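Read through the structure below, which is laid out as structure tokens, and then see the notes.
What you see below is based on every heavy atom in this structure, not just the backbone, and it leaves out hydrogens, waters and symmetry mates. Computed from a prediction, not measured in an experiment: that's the story for all the values here.
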Amino acid sequence: MALVRGIQSVLVAVIAFVVALAALAVPAGAAPARSIDVLGFQDAHEFEPQTWKDGHEYGGIARLATVLAAARAEDPHAITAFGGDQVGGTLFGAVYRGEPFVKAFNELGVDVAGFGQHDFDFGLEHTRHLMGLAQFTWISSNLTVDSQPVSPDGRTAIIERGGVKVGFLSLSGDMDTTIVGDEVDQGDFVASARSAAEELQAGGTEVIIALTQIMNGEARDVLNAVPAIDAAMTEEASGSSPVRIEYASGERPVVSPAADYGTVVRFRASLDEAGAVSVVPTILPVSENVAAGPAWNEVQARYAAEMDTKLSEEVGAAAQDLSRPELGRIVAQAYREYAGTDFGWQNGGGIRVELPAGTLTKRSLLSVLPFGNGLIIITTTGAHMKDALEQAIESDPNGNRGFPRTAGLFYDVDLDKPAGERVSNLRDEAGRPLDPATSYTLALTQYVKRGGDGVVAFKDDPLIKDQATIDADAFADYITRHGTIDVLPETSGSEPTPTPTPSAEPTGEPTTPAPSASPTPAPSSAVPTPAPTSPGEGAPSGDPRPAPGLPVTGGQLLGLLGVAALLILGGAAAIILARRRSGSIGHDN
């Protein structure tokens, strides 16, 4: 019995030692480690899934619903955040102007949203209308109107879930590419983020997430300058682009999700007993491997059928395949004829697709001009026209963004000359030179008149008529009158030979903008899983390393000590059993 009593004494001592260490590991009053998931996605341009250049489908509201539900099953306290861009830029946006997405986000449980520039494609009043429909908080930390936040919800938001206070700020870029560029002021990213972070900290925020529609490098600069921000979601690199995960100083993730809400980013924020934050991002694909929720599948199908009915009406035909530059000149001519002006002007980036030869429908027209820009008529001078051409070409000499497509106006371009000297020999269609002091009439969009793409030469020119119609309607009128459209005559030298590089503007548009009338049958899998054959899906580029793990906390140490104690107890029990079998236990000799 002496051996048994000895073992018992050892076990008592071990237990006492474990308890003592546990008391040291978790100081009195220390909070336990906590965590919260933030589910982020953005760039919702089409309700239906879109096919990318890799041949796979991404996005779709019915699949998004499935991915969000699966993520919330892991963390019922998860916060859902939308990063911006859900109004224009595509055919669906041109027809419905964002309302279906706002209503869907209400039902899907979105908690907070930021703005992208496309959320202003139909004007500030329409954006305010959408904010009024939203049951979620809409914030912007760097957009103001008359020095007041663009959203009545304010600059920031704080949401407390699962015992964690999470703060959100929002940054938007490229506002000069919208029709509200002269109404909405875009503040400096770093200064706005710093001010917003201070506001959130004053409100007791423990974790700060930046929802941004700026590029990865810009967001990384913001986080490096504002250490209080723990993670950021950014603009997608381009349409059909892969996910990018990079890190700012302090191992804070900066994640660019897939376009067309092809992924959901799960930011898992963990806090140790001292309140130190670690955020680990995980990419949840919204892909063809995700089962579409039946209820939302019905909604998708309803919208698709409705769009087919609205847009299937024939309006004319194209005599041959028409490129974007060719369409730009035709659209400019449509403006000119509709308004009865000397010249017409269309910015290159406003033409969104090419058109194949054959029948043209309303769907075709809205695919070309999905933004609903107002057509206006102004008086300008030959000198202003020269300045505007220089500014427009400087915005993108390769023929995109603000590059001018004109009707009735011809000019020579020499891209080897310095900015300000690239345009010469301005003349009308009869070959007469433009007089710098003479006044001319010009039909153009509100976007260009208000300084879009840096074309500011027209900003102070007098209006003859504001909002004569919208761009797509003027184009439809032109096609209806002419029946068949063809390439317009072009004077040599007025069109550059662009370098074969991608457009500088991130459009997020799908390879095929027109939605199908019938939804794709839902796969059988109900849980989002990565497709190993889809290189564009969930395959991060940039720095692939995971965010660092948490240091060993008191709770973790207690668990380790408990395991050690169990091992010791098990060893002692084994010794006792072995001795009993050998007959040496329970006998006093």
To check you understand the geometry: which heavy-atom pair defines the closest contact between [X] and [Y], and what is its length?
{"X": "A62", "Y": "A292", "value": "CB-CB, 3.6 Å"}
{"X": "S249", "Y": "N224", "value": "N-OD1, 2.8 Å"}
{"X": "V243", "Y": "A258", "value": "CG2-N, 3.9 Å"}
{"X": "S140", "Y": "F115", "value": "CB-CD1, 3.7 Å"}
{"X": "Q346", "Y": "G328", "value": "CB-O, 3.8 Å"}
{"X": "G98", "Y": "L130", "value": "C-CD2, 4.1 Å"}

Nearest-0.5 Å distance, [atom1] of residue [X] to [atom2] of residue [Y]:
{"X": "Q42", "Y": "T263", "atom1": "CD", "atom2": "OG1", "value": "8.5 Å"}
{"X": "L39", "Y": "R268", "atom1": "CG", "atom2": "CZ", "value": "9.5 Å"}
{"X": "N289", "Y": "H56", "atom1": "CG", "atom2": "NE2", "value": "8.5 Å"}
{"X": "T282", "Y": "E74", "atom1": "OG1", "atom2": "CD", "value": "8.5 Å"}
{"X": "L223", "Y": "E218", "atom1": "CG", "atom2": "CD", "value": "13.0 Å"}
{"X": "L284", "Y": "T66", "atom1": "CG", "atom2": "OG1", "value": "12.5 Å"}

Taking C-beta and beyond as the side chain, do [X] and [Y] meet within less than 4.5 Å on heavy atoms?
{"X": "V112", "Y": "I159", "result": "yes"}
{"X": "V456", "Y": "R450", "result": "no"}
{"X": "R405", "Y": "F403", "result": "yes"}
{"X": "W345", "Y": "F458", "result": "yes"}
{"X": "L169", "Y": "L171", "result": "yes"}
{"X": "S172", "Y": "L143", "result": "yes"}
{"X": "L108", "Y": "W296", "result": "yes"}
{"X": "D85", "Y": "Q117", "result": "yes"}

Run the salt-bridge test on [X] and [Y] with the 4.0 Å N-O cut-off and return the result as yes or no.
{"X": "E394", "Y": "R401", "answer": "no"}
{"X": "D230", "Y": "R252", "answer": "no"}
{"X": "E57", "Y": "R63", "answer": "yes"}

With a 3.5 Å distance limit and no angle check, can you tell me whether [X] reaches the backbone of [Y] through a side-chain donor-acceptor pair?
{"X": "D260", "Y": "G262", "answer": "no"}
{"X": "E99", "Y": "Y96", "answer": "no"}
{"X": "S151", "Y": "W138", "answer": "yes"}
{"X": "N347", "Y": "G402", "answer": "no"}
{"X": "S395", "Y": "G454", "answer": "no"}
{"X": "T212", "Y": "M233", "answer": "yes"}
{"X": "S192", "Y": "D188", "answer": "yes"}
{"X": "D396", "Y": "N398", "answer": "yes"}
{"X": "E390", "Y": "V423", "answer": "yes"}
{"X": "D153", "Y": "T137", "answer": "no"}

Q. Only one of F82, Y58, F101 forms a ring-ring contact (aromatic ring centres under 6.0 Å, His included) with F41, so which one is it?
A.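 Of all the options given, the one that passes is F82.
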Would you say the side-chain atoms of [X] and [Y] include a donor-acceptor pair closer than 3.5 Å?
{"X": "D471", "Y": "T445", "answer": "no"}
{"X": "H45", "Y": "Q50", "answer": "no"}
{"X": "D119", "Y": "T127", "answer": "no"}

Q) Are L68 and L64 close enough, and set up right, to give a side-chain contact (heavy atoms from CB on, under 4.5 Å), and what steps lead you there? A) CA-CA 6 Å; L68 293 178; L64 175 67; 4.0 Å; yes
Q: Mind jotting down which residue pairs meet the side-chain hydrogen bond (donor to acceptor under 3.5 Å, both in side chains) criterion with at least one end in residues 75-84? Sequence neighbours excluded, please.
A: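 Residue pairs passing side-chain hydrogen bond (donor to acceptor under 3.5 Å, both in side chains), neighbours aside: R72-T80.
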Q. Please walk me through it: do D185 and M175 pass side-chain contact (heavy atoms from CB on, under 4.5 Å)?
A. CA-CA 8 Å; D185 294 321; M175 290 300 293; over 6 Å; no
(Q) For N142 and F189: C-alpha separation, side-chain torsions, deciding distance, then whether side-chain contact (heavy atoms from CB on, under 4.5 Å) applies. (A) CA-CA 7 Å; N142 75 316; F189 298 150; 3.7 Å; yes
(Q) Run T234 and N216 through side-chain hydrogen bond (donor to acceptor under 3.5 Å, both in side chains) and show every step you take. (A) CA-CA 6 Å; T234 77; N216 268 62; 2.8 Å; yes
Output side-chain donor-acceptor pairs under 3.5 Å for residues 198-209, partner residues at least two apart or in another chain, one line each.
{"residue": "E199", "atom": "OE1", "partner": "R155", "partner atom": "NH1", "Å": "2.7"}
{"residue": "E199", "atom": "OE2", "partner": "T156", "partner atom": "OG1", "Å": "2.5"}
{"residue": "T205", "atom": "OG1", "partner": "L200", "partner atom": "O", "Å": "2.9"}
{"residue": "E206", "atom": "OE1", "partner": "R34", "partner atom": "NH1", "Å": "3.3"}
{"residue": "E206", "atom": "OE1", "partner": "K165", "partner atom": "N", "Å": "2.9"}
{"residue": "E206", "atom": "OE2", "partner": "R34", "partner atom": "NH1", "Å": "3.0"}
{"residue": "E206", "atom": "OE2", "partner": "R34", "partner atom": "NH2", "Å": "2.8"}

Q | Residues which pass side-chain contact (heavy atoms from CB on, under 4.5 Å) with Q135, listed by chain and number, not counting sequence neighbours | A |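 With neighbours one apart ignored, the set is N106.
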Q: Please test V150 against T144 for side-chain contact (heavy atoms from CB on, under 4.5 Å), starting from the C-alpha separation and ending with a verdict.
A: CA-CA 5 Å; V150 71; T144 58; over 6 Å; no
Q: Just say parallel, tilted or perpendicular for the rings of H126 and F122, cut-offs at 30° and 60°.
A: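 H126 vs F122 ring planes: perpendicular.
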Q. Strictly under 6.0 Å, is that where the ring centroids of F47 and Y261 end up?
A.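 Judged by ring-centre distance (under 6.0 Å), F47 and Y261 do not meet the cut-off.
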Q) Between F92 and Y303, is the gap from one ring center to the other below 6.0 Å? A) yes
Q) Checking salt bridge (Lys or Arg N to Asp or Glu O under 4.0 Å) for the pair E107/K103: CA distance, chi angles, key distance, verdict? A) CA-CA 7 Å; E107 293 188 42; K103 293 174 181 177; over 6 Å; no
